[in-house]
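Reading through the structure tokens given below for one structure.
All chains are named by letter (A, B, ...) in the order of the sequence lines, taking the proteins before the strands, and each is independently numbered beginning at 1. Keep in mind the model is a prediction, meaning the values are calculated, not measured.
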Amino acid sequence: MAITELISGSVINAISVLYQTSTDPRDFQINQTKPEFEGDYTVVVFALVKKLRKSPDGLAGELGKYLTTSQSELFSAYNVIKGFLNLTIADAYWTSLLSEQYHNPIYGRGQTKNQKVMVEYSSPNTNKPLHLGHLRNNFLGWSCAEILKAAGYEVVKTCIANDRGIHICKSMVAWKKYAHGATPESTGLKGDHLVGDYYVKFGEVYKQEVAELVAEGKSTEQAEKEAPIMLEAQQMLVDWEAGKPDVIALWEKMNAWVYEGFEQTYKLIGSNFDKTYYESQTYLLGKDLVEEGLAKGVFFQKDDGSVWIDLTEDGLDQKIVRRRDGTSVYITQDIGLAELKYNEYHCKQSIYVVGDEQNYHFKVLKLICQKLGLPGADGMHHLSYGMVELPTGRMKTREGTVVDADDMVLEMIDMAEQKTRELGKVDGFTEAELVDLYQTLGLGALKFFLLRVDPKKRMIFNPEESIDLHGFTATFIQYVHARIKSILRKEGKVDRATLAEGITNLPVAATPLLTSIPVLYKLEKDLLIALEQYPGIIETAAVTHDPSLVAGYAFRLGQTFNSFYAEHSIAGAETPEKKLLRLAISEMTSHVLKSSMGLLGIRVPERM
RNA sequence: GGCUCGGUAGCUCAGCUGGAUAGAGCAUCAGCCUUCUAAGCUGAGGGUCAUUGGUUCGAAUCCAAUCCGAGUCACCA
């Protein structure tokens, strides 16, 4: 049980004994004590004062006295300042946590929740390569899935490939007209980039055609509708839906190129899925549900035959679910897919990692699913994240202002290599180890950069300023890990029995020289306090779907270790017992750093 | 215009279920490598928490209004 829960339980018990009153854990707060005060955790009692008719100081004092006398094995001291009850947790609590867990590489994982969760992320369009925004999406989704797993959920990672539609036809038309049969092989281009180039080409030609029509005296609106290349794309979509063999063949050929390219990128960034859905196979889903909804009275039909849902009572607008021509719209597919997903996996929760521009869409989608009574509807959750923007504004494929994912990753790896060479600490590395290190550092820096901020906040990326390798970065944390591993290699791992014995001998003061050595120095205890919080961090990050909590935690832990490292010698500790203690703290820290970074998809090196 | 989200140090961000003197990193300045990795450590300066009012023992945090920015409100996806 977490220390804060222990404290909370003790406080509730104390109040019931002292004042014969029952309290709710929400009636008071437990915070970590601020560094300028004495103590480890602080009970904030103000909210109880009125109910118990006590002064803050009086109540805090009585609680402190009771806790330290009735549970002296847990609470070793207390003080009261301005109504805050500062408690010192007994050293034995921290040292026993250490001896139980320091060797446990999976410390922090939660008990199984016996619950399935689906996480959908990435959702690329097959008409262009992935860009920086997709990376944020992928990293977020992948990391959330891992965090949920660590918290004890069973997770299904899914992806929906948006592989059909007018935008796909645009790159197909342009390729057909202007590529002269160019292939990834003939050009040496990655398939997704090749296809993306023709999507851009389409935009250029279209723009030019529109300009020409306008020059001939047509209105812009009219010109946009009549541009020949657009008409061609629309015709191609019709042909695709009709299953015209040459169109289907072209579509299959170009999509295969794109998937090949995506596969390389996913492999490079370490992304993977348990199941991929294809829009081309799911876009007709949901039609039955429209009929069902009409029968149930959830939907209504307008005079022109189109079908709608009225969400005005929920504070939203009316939303169309079937066009007057009988075809379904985007949201209808999503309703159908939601049903399909539930029928296939029966997940209690279904998380959609999609940009915040679709907030409204997902609000509507969930509402409709609920009104239709779909079994998974209440578990639907939109993990909405902010767009990655450039200083000049949003990235636009057509304007060539996108930061390409492959370029970005390779640039980061190059930067890691350059920096590593400058520092010259890698004597004795094989060529393969070096390549691996550069990738670990470069990719780590990029992932951390995108995951360290609150997902829902939009972020601005300035390509002029390279991503930092100092401070609040993956590199910093990776460095801490490499430092610890270096020590552990030299000093050897701590044997459990030896450690247990060492810890029991810690309070010794056996020789006069040692009397001034406390069981735990401030920084030693700070590390143990931080390590104790790890399971709680995983749990909170899982519930809130927020990897940035894990990133912040790993950084704080690394910071604390570096301060400890600078202040206290591990190999040259004052006593053999202290050395054992510090080695064990170091080992446990290395495990937690590796594990927490692992939840972000970031590896940590043994040496760097 | 309706709805939603955001505005905290020069920059990038924590803190937001109300709690002690608002914290990190970057940048700036000053120190620290004769034994565990200086990709590090220690310290300094830097704030009208957008504005105004309210709620109360206490507000960056909650409420209201205003200003600024973004998104969305398609028979597009």
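- Salt-bridge formation is detected for the pair A/R26/A/D24: a Lys NZ or Arg NE/NH1/NH2 atom is positioned less than 4.0 Å from an Asp or Glu carboxylate oxygen.
- Using modelled atom types and a 3.5 Å distance limit, the side chains of A/D325 and A/T327 yield a donor-acceptor pair.
- Here B/rG40 is the nucleotide among B/rG40, B/rU4, B/rU37 with the atom lying nearest to any side-chain atom of A/N562.
- With both pairing distances under 3.5 Å, B/rA38 is matched to nothing as a Watson-Crick or G-U wobble pair.
- The phosphate of B/rU21 (OP1 or OP2) has a side-chain N or O of A/K82 nearer than 4.0 angstrom.
- In the set B/rC36, B/rC26, B/rC13, B/rC36 carries the atom at the smallest distance from any side-chain atom of A/S569.
- Each of A/L469 and A/F84 was assigned the nucleotide of RNA chain B with the nearest heavy atom; the assignment lying further toward the 5' end belongs to A/F84.
- Comparing B/rU72, B/rA20, B/rC16 by their closest approach to the side chain of A/K457 singles out B/rC16.
- Pairing partner, B/rG47: none, since no Watson-Crick or wobble contact has both distances short of 3.5 Å.
- Residues passing the side-chain contact (heavy atoms from CB on, under 4.5 Å) test with A/E357, sequence neighbours excluded: A/M387, A/R394.
- If you check B/rA77, B/rG19, B/rU37 against the side chain of A/Q333, the one that comes closest is B/rA77.
- Applying the Watson-Crick and G-U wobble criteria (two distances, each under 3.5 Å), B/rC67 pairs with B/rG7.
- Ranking B/rC36, B/rA77, B/rC16 by closeness to the A/I570 side chain, first place goes to B/rC36.
- Remark: P of B/rC26 and CZ of A/R452 are 10 Å apart, rounded to the nearest angstrom.
- Listed candidates were B/rA77, B/rA24, B/rG6. Nearest to the side chain of A/Q559 is B/rA24.
- Cation-pi geometry between A/R483 and A/Y565 is met: the NZ or CZ atom falls under 6.0 Å from the ring centre, inside 45° of the normal.
- Base engagement by A/S306 is indicated by at least one non-hydrogen atom pair under 4.0 Å involving a base atom.
- In this structure, A/R136 forms no cation-pi arrangement with A/Y385, as its terminal cationic atom is not both closer than 6.0 Å to the ring centre and no more than 45° off the ring axis.
- Between the side chains of A/D163 and A/T126, no donor N or O sits under 3.5 Å from an acceptor N or O.
- At most 12 non-hydrogen atoms from other residues, nucleotides or ligands lie less than 6.0 angstrom from CD of A/E221.
- Across the strands present, B/rA74 finds no partner; the criterion is a Watson-Crick or G-U wobble pair with both atom distances under 3.5 angstrom.
- Residue A/Y330 is in base contact, counting any heavy-atom pair closer than 4.0 Å across all strands shown.
- The base of B/rA20 lies close enough to the side chain of A/N86 for a donor and an acceptor atom to sit less than 3.5 Å apart.
- A/R556 comes within contact range of no nucleotide atom at all, as no heavy-atom separation falls under 4.0 Å.
- When only modelled atom types and interatomic distance are considered, A/N162 and A/H167 share no side-chain donor-acceptor pair under 3.5 Å.
- A/H591 contributes a side-chain N or O that, together with a main-chain N or O of A/Y102, makes up a donor-acceptor pair within less than 3.5 Å.
- A/F37 comes within contact range of at least one nucleobase, with a heavy-atom separation under 4.0 Å.
- Contact annotation: A/S384 does not reach the phosphate of B/rC5 (side-chain N/O to OP1 or OP2, under 4.0 Å).
- The side chain of A/S486 places an N or O atom within less than 4.0 Å of a non-bridging phosphate oxygen (OP1 or OP2) of B/rU37.
- Nucleic acid contact class of A/A566 (heavy atoms, under 4.0 Å, all strands): sugar-phosphate only.
- Counting to the nearest Å, the P atom of B/rC5 and the NE2 atom of A/H382 are 14 Å from each other.
- If you measure from atom OH of A/Y565 to atom P of B/rU35, you get 11 Å, rounded to the nearest angstrom.
- Nearest nucleotide to the A/D304 side chain, out of B/rC13, B/rC57, B/rC75: B/rC75.
- Nearest heavy-atom pair across A/L593 and A/S596 is O-OG, 3.2 Å.
- A/D468 and A/T473 form no side-chain donor-acceptor contact under 3.5 Å, judged by distance and modelled atom types alone.
- In this structure, A/T560 contributes its side chain and A/R556 its backbone to a donor-acceptor pair below 3.5 Å.
- A/M387 comes within 4.0 angstrom of no nucleic acid atom, judged by non-hydrogen atoms across all strands.
- Sorted by residue number, the members of residues 314-327 of chain A with any non-hydrogen atom under 4.0 Å from RNA chain B read A/D317, A/I320, A/R323, A/R324.
- In the set B/rU4, B/rA77, B/rG19, B/rA77 carries the atom at the smallest distance from any side-chain atom of A/V329.
- Protein atom NZ of A/K225 is 13 Å distant from nucleotide atom C1' of B/rA74, rounded to whole Å.
- Distance, A/I460 CD1 to B/rG6 C1': 12 Å, rounded to whole Å.
- A side-chain donor from one of A/N86 and A/T42 sits under 3.5 Å from a side-chain acceptor of the other.
- Between A/H361 and A/V426, the residue anchored closer to the 5' end of RNA chain B is A/V426, taking for each the nucleotide with the nearest heavy atom.
- Residue ring and base: A/Y360 does not count as stacked with B/rG71 (centre distance below 5.5 Å and interplanar angle below 30° not both satisfied).
- Counting any heavy atom pair closer than 4.0 Å across all strands shown, A/N359 reaches no nucleic acid atom.
- Within 4.0 Å (heavy atoms only), A/R582 reaches no atom of the nucleic acid at all.
- Using a 4.0 Å heavy-atom criterion, one finds that A/T42 contacts the bases of the nucleic acid, with or without backbone contacts as well.
- Taking a pair to require two hydrogen-bonding distances under 3.5 Å in either a Watson-Crick or a G-U wobble arrangement, B/rU56 remains unpaired.
- Residues from residues 470-485 of chain A placing a heavy atom under 4.0 Å of any atom in RNA chain B, listed by number, are A/H470, A/G471, A/F472, A/T475, A/F476, A/Y479, A/A482, A/R483.
- Contacts of A/D454 with the nucleic acid, taken as non-hydrogen atoms under 4.0 Å apart, involve only primed sugar atoms and P, OP1 or OP2.
- Closest to the A/R394 side chain, of the nucleotides B/rG71, B/rC36, B/rA20, is B/rG71.
- In this structure, A/N462 atom CG and B/rC26 atom P are separated by 18 Å, rounded to whole Å.
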